[in-house]
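When a ligand or atom number is given, it counts from 1 through the structure's own listing order. Computed from a predicted model, the values in this text were never measured in an experiment.
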Amino acid sequence: MKLLLFALGLILLLNQCSKKDVKSTVAANAANNKSVGASAKDILSGQTFTTLQIEIVFMPGYAPDPTALNNLTAFLNMLINKPGGIQITQRVIEASGKTTITLDEIKAIEKANRITFNNGSNISIFILYADATYSTANIVGTAYRNTSLAIFGKTIVNSSGGLNQASRTKFETTVLEHEFGHLMGLVDLGTPMQINHLDAANDKHCNNASCLMYFRTQSNMMSGLLMSSPVPELDANCRNDLRANGGK
Ligand SMILES: [Zn+2]
Ligand SMILES: [Zn+2]
């Protein structure tokens, strides 16, 4: 009887655990399962969320470049109001075993691995560093949900650090900052434009060719065009939009 009770208790416990696991998936966390730009104000302003947590998972061989992450943190500190600070965690996950990866596969990896979600005054961002290239050619990173990014580590490694190529740090910084720009609602993607600067022909990008949010920023970096120039910055129009939506 005791054994049976013990067994029952164990089953209940296991049941609770699995329920908890199910609860903390993306689908069950509606606040982290919205479209890109939907949390722009929550990321920018300190009203609802005073701290920002970035959960990075990477596949073997594709750990983030530490300086690129420092650059991203400095970039965010310059733009967003998070008096409690920005915290980054990172850990390795299993390899995808694929050469190219689709958006559905990325979402499945997030579902299986993401452990942090918005909680109290903390807003959580998830970044996957994949060991494959994207199923759409020449894409280095993608913002695919309000708090989710994927970075294609293999594409970054292959397209940087060599002869006639930008440095790994510069390339990766550019990709991270550009994709974060979309999460912050740029351009006209959850953060209203103060004046029209939308590149109408190239979905949700800035019309200024020297702005970080220009549609060709990443491919220019990839083809070595920006090899000797610094990481592109946000232009005045993009900065003004962020300020007007709760940013600094
Ligand atoms: Zn973009
Ligand atoms: Zn711009």
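For H182 atom NE2 and H205 atom NE2, the angle they make at the Zn ion (ligand 1) is roughly 100°, to 10 degrees.
The one candidate from Q53, K34, R114 that meets the side chain to side chain donor-acceptor pair (under 3.5 Å) condition with T147 is R114.
Contacts classified as side chain to side chain donor-acceptor pair (under 3.5 Å) and involving residues 74-84 (residues at least two apart or in different chains) are not found.
Judged by distance alone, the side chain of T102 and the main-chain N or O of E105 form a donor-acceptor pair under 3.5 Å.
Shown here are the protein N/O/S atoms lying under 2.8 Å from the Zn ion (ligand 2), water excluded: C206 SG, C211 SG, D235 OD1, C238 SG.
Atom NE2 of residue H197 and atom CG of residue D241 lie 3.5 Å apart, to the nearest 0.5 angstrom.
F152 and Y134 have parallel rings, their planes meeting at less than 30° on a 0 to 90° scale where 60° marks the start of perpendicular.
Using a 4.5 Å heavy-atom threshold, the side chains of D65 and I156 count as separate.
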